[in-house]
There are 2 protein chains.
Amino acid sequence: MVSEKTVERLSLYRRILQQLRVEGKETIMSHELANLLHIKPAQVRRDIMQLGYSGIPNSGYKIRPLLESIANFLDSPLPQSAVLVGVGHLGLALLANFAGRWRQLAIRAAFDKDPSKVGQTFHGCRCYPMYDLQKVIAETKSVVGILAIPGENAQSICDTLVQSGISGILNFSPLRIKVSENVFVEHVDLSATFEKVSFFARRMKHYAEEEKWKMENETTDDEYETIITKQ
Amino acid sequence: MVSEKTVERLSLYRRILQQLRVEGKETIMSHELANLLHIKPAQVRRDIMQLGYSGIPNSGYKIRPLLESIANFLDSPLPQSAVLVGVGHLGLALLANFAGRWRQLAIRAAFDKDPSKVGQTFHGCRCYPMYDLQKVIAETKSVVGILAIPGENAQSICDTLVQSGISGILNFSPLRIKVSENVFVEHVDLSATFEKVSFFARRMKHYAEEEKWKMENETTDDEYETIITKQ
DNA sequence: GTATAATTGTGAATTCTTGAACAAATTATA
DNA sequence: TATAATTTGTTCAAGAATTCACAATTATAC
Ligand SMILES: NC(=O)c1ccc[n+]([C@@H]2O[C@H](COP(=O)([O-])OP(=O)(O)OC[C@H]3O[C@@H](n4cnc5c(N)ncnc54)[C@H](O)[C@@H]3O)[C@@H](O)[C@H]2O)c1
Ligand SMILES: NC(=O)c1ccc[n+]([C@@H]2O[C@H](COP(=O)([O-])OP(=O)(O)OC[C@H]3O[C@@H](n4cnc5c(N)ncnc54)[C@H](O)[C@@H]3O)[C@@H](O)[C@H]2O)c1
């Protein structure tokens, strides 16, 4: 029904609106949100439409009820838990940001095969041994699993997660894991992303230099055109 | 000309092919790559077509020259450098993976406003003070900038990066930065991604439970249909 | 009040991406 | 050598996402 992209944008709208609200703003118009995100106003209106919330013509959207609508749409009625597998460099960074009991959505448990990490607490989150996976997922009623391990065992660990009741996976490993169709997987492949940025950076630079060249040789171009026209 | 998605997939193909090559495999067919990535063979063929490389009907692609074609297409002729701004939790994780002199594409310098980090070396990468940005970017001829700082100053730092010659930005901050059209920006918004996974995880679970319910009540459904039909 | 200006909600058009299908090409095999 | 079997390259259709454009609606100015 609702697309992934819409859900992502709703999440962005919310963050901006929360900020604007603490700054005292009470209403917002589609083109303001659009400008902040560098998208088109029609996109914003279309997304908000899907919430069932209606704005006021010639006036915009009331921020407070709009935020409520977004929360109503995006959030679980109950706080939602996630577990992290792999407390390495990346896993630690994720814990620093997403561990925390008070939040609506948070990492509530971590796992690692490294015995030196098991038993420790990182950013307020306990690290368990791998064989506790099923048990802890059940106890915390987690629905999201985050994979921050190398690709090798990602598939088998993913399978365990799914068997334990996880239905959404955020996969940072380079392996494209396979899941049954009732499990949602998001692949965040930072290496591929890095390469992509590098690729287009180079392209942009070439393009910019070409443009610059054209600008510098503009008069010459004109002369050339004149010659053509004259023929 | 070539789409972002295609570039991303080419990067994935390369990683898989490199692995397969060390395992001794010499040729590969579109459906094999497709199965590994859970996409359709036609997509693979289409992507490879754009490289200008041709496979052999009834035989597939030769891995070695295909890899060369991909490298030729994706990589800069010269090693390409990136700089990182923000050596916090996430920045450190990125350094752990992408710092390294020997690579074709790597983070060659880091920056932080925190004086306690400046001067230190993290994973082989030196951390410089912010006022060295322009100088170091020029020295390293970097084209990619990675932002791993809070949103507040992201825009102004981004502007400085662009002024210094950066034409590709990988932005991990929640702020959607604005750049001129000859600069490429990729936003990696981990909070929004996390929320998205959580959203669809919940949905999948509901869906699965509905399906299960339907399965269990299949006979009842049939009976109900019979009643309808009879009317 | 009425007119004016501005903004929403949304059908239609457009653009971008993926998928199905098949002729052409090539290998493997009989 | 001829035939069958298979995979590629590519066209065309389908699908998804975005953008346009405008009627409907509301606030504001006069
Ligand atoms: N850090 C980055 O910036 C970055 C960039 C690109 C890709 N990645 C990918 O993200 C993943 C994690 O990266 P990282 O830098 O944190 O790696 P890391 O090596 O620092 O950490 C991996 C952690 O996972 C644990 N682990 C390994 N195998 C395990 C298993 N079978 N079961 C449980 N725990 C296991 C290890 O003990 C370690 O703590 C890797 O797949 C990596 O390729 C990371
Ligand atoms: N770590 C995660 O998993 C995660 C998740 C979601 C979002 N993010 C985002 O990624 C960014 C970085 O996250 P983090 O966890 O590494 O944060 P962090 O607080 O651990 O690190 C931020 C680093 O940036 C430096 N910094 C801050 N302002 C700066 C400035 N103006 N100039 C130079 N350096 C500056 C700080 O000194 C610090 O070293 C943040 O925007 C955060 O919202 C991170």
Side-chain angles (χ1 to χ4, degrees), chain A residues 1-13 17 20 25-66 69-70 73 176 181 184 186-187 192 196 200 203, chain B residues 1-13 17 20 25-67 69-70 73 176 181 184 186-187 192 196 199-200 203:
Chain A
M1 189 62 210
V2 66
S3 78
E4 284 189 41
K5 304 243 177 174
T6 294
V7 171
E8 275 176 13
R9 281 189 300 262
L10 286 171
S11 175
L12 304 187
Y13 301 156
L17 292 171
L20 292 177
K25 202 165 160 61
E26 298 203 336
T27 67
I28 191 157
M29 291 182 300
S30 61
H31 71 262
E32 298 180 89
L33 265 178
N35 288 342
L36 288 168
L37 292 171
H38 315 303
I39 60 179
K40 295 283 184 289
Q43 183 79 81
V44 174
R45 294 202 295 273
R46 209 173 261 291
D47 289 335
I48 291 177
M49 209 178 63
Q50 304 208 41
L51 299 173
Y53 180 71
S54 274
I56 300 155
N58 199 27
S59 168
Y61 302 90
K62 295 198 173 185
I63 290 181
R64 192 182 301 257
L66 176 52
S69 294
I70 296 177
F73 185 83
R176 297 276 150 150
E181 64 167 11
F184 180 86
E186 175 78 11
H187 296 277
K196 183 176 76 166
F200 284 105
R203 256 175 149 243
Chain B
M1 188 65 211
V2 66
S3 78
E4 285 188 41
K5 305 242 178 178
T6 294
V7 171
E8 275 176 15
R9 281 189 299 262
L10 286 172
S11 176
L12 304 187
Y13 301 157
L17 291 171
L20 292 176
K25 201 166 164 59
E26 299 203 339
T27 67
I28 191 157
M29 291 183 300
S30 60
H31 72 262
E32 297 180 89
L33 265 179
N35 287 341
L36 287 168
L37 293 171
H38 315 303
I39 60 180
K40 294 284 182 291
Q43 183 78 78
V44 174
R45 295 202 295 276
R46 190 190 284 285
D47 290 334
I48 291 177
M49 209 178 62
Q50 304 208 40
L51 299 173
Y53 179 74
S54 273
I56 300 152
N58 198 25
S59 166
Y61 301 91
K62 294 197 171 183
I63 289 180
R64 192 181 300 256
L66 176 53
L67 272 170
S69 294
I70 296 177
F73 185 84
R176 296 277 150 152
E181 66 168 8
F184 181 86
E186 175 79 10
H187 296 278
K196 181 175 78 167
F199 176 86
F200 284 104
R203 257 176 147 241

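Proteins get letters first, then strands, A, B, ... in listed order; numbering begins at 1 in each.
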Visitor: Base, sugar-phosphate alone, or nothing: which one does Thr6(A) contact when heavy atoms must sit under 4.0 Å apart?
Guide: nothing
Visitor: Rounding to an integer number of Å, can you tell me how far Arg45(A) CZ sits from dT18(D) C1'?
Guide: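 Interatomic distance, CZ of Arg45(A) to C1' of dT18(D): 13 Å.
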Visitor: For the side chain of Lys5(B), starting at C-beta, report the closest nucleotide among dG9(C), dT18(C), dT26(C).
Guide: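 From the listed options, dT18(C) comes nearest.
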Visitor: Nearest heavy atom decides the nucleotide; on that basis, is Lys40(A) or Ile56(A) closer to the 5' end of DNA chain D?
Guide: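 The residue mapped nearer the 5' terminus is Lys40(A).
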Visitor: Output the rounded distance in Å from CD (Glu32(A)) to C1' (dT8(C)).
Guide: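 My rounded result for the distance is 14 Å.
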Visitor: Looking at Phe199(B) versus Phe73(A), is the centre-to-centre ring distance below 6.0 Å?
Guide: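 Yes, close enough.
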Visitor: Look at Ser54(B) and dG9(D) and indicate whether a side-chain polar atom (N or O) is within less than 4.0 Å of OP1 or OP2.
Guide: yes
Visitor: Check this for me: does the side-chain of Asn58(B) come within 3.5 Å of the base of dT27(C) through a donor and an acceptor?
Guide: yes
Visitor: Under a 3.5 Å cut-off for both distances, is dA30(C) Watson-Crick or wobble paired, and to whom?
Guide: dT1(D)
Visitor: To the nearest Å, how far apart are Met49(B) CE and dT7(D) C1'?
Guide: 15 Å
Visitor: What's the NZ-C1' distance between Lys62(B) and dT7(D), to the nearest Å?
Guide: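 The distance from NZ of Lys62(B) to C1' of dT7(D) comes to 15 Å, rounded to the nearest Å.
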Visitor: Please determine whether a side-chain nitrogen of the Lys or Arg among Arg9(B) and Glu4(B) lies less than 4.0 Å from a carboxylate oxygen of the Asp or Glu.
Guide: no
Visitor: Nearest to the side chain of Met29(B), which nucleotide is it out of dG9(C), dT8(D), dG9(D)?
Guide: dT8(D)
Visitor: Does Glu26(B) come within less than 4.0 Å of Arg64(B), counting only side-chain N to carboxylate O?
Guide: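 Looking at Glu26(B) and Arg64(B), the cut-off is not met.
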Visitor: Using the side-chain contact (heavy atoms from CB on, under 4.5 Å) definition, which of the options Leu10(B), Val7(B), Val2(B) pairs with Gln50(B)?
Guide: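 Single pass found, and it is Val2(B).
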Visitor: In this structure, how many angstroms lie between the C1' atom of dT18(D) and the CD1 atom of Ile39(A), rounded?
Guide: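 In whole Å, dT18(D) C1' lies 10 Å from Ile39(A) CD1.
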Visitor: Take atom CD of Gln43(A) and atom C1' of dG11(C), then tell me their distance rounded to the nearest Å.
Guide: 16 Å
Visitor: Starting at CD of Glu4(A) and ending at P of dT18(D), how long is that distance when rounded to a whole Å?
Guide: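 Taking atom P of dT18(D) as the reference, CD of Glu4(A) is at 11 Å.
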Visitor: Between Ser59(A) and Ala42(B), which is nearer to the 5' end of DNA chain D once each is assigned its nearest nucleotide?
Guide: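 Its nucleotide being nearer the 5' end, the pick is Ala42(B).
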Visitor: Take the angle between the ring planes of Phe200(A) and Phe184(B) and call it parallel below 30°, perpendicular above 60°, tilted in between.
Guide: parallel
Visitor: Check the distance between dT6(D)'s C1' and His31(B)'s NE2 and give it to me in whole angstrom.
Guide: 10 Å
Visitor: Report yes or no: is there a donor-acceptor pair, N or O only, under 3.5 Å between the side chain of Arg46(A) and the base of dT19(D)?
Guide: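 Pair found.
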Visitor: Closest to the Pro57(A) side chain: dG9(C), dT26(D), dT18(D)?
Guide: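 Nearest nucleotide to the side chain: dT26(D).
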Visitor: On the nucleotide dT8(D), are OP1 or OP2 found under 4.0 Å from the side-chain N or O atoms that Tyr53(B) carries?
Guide: no
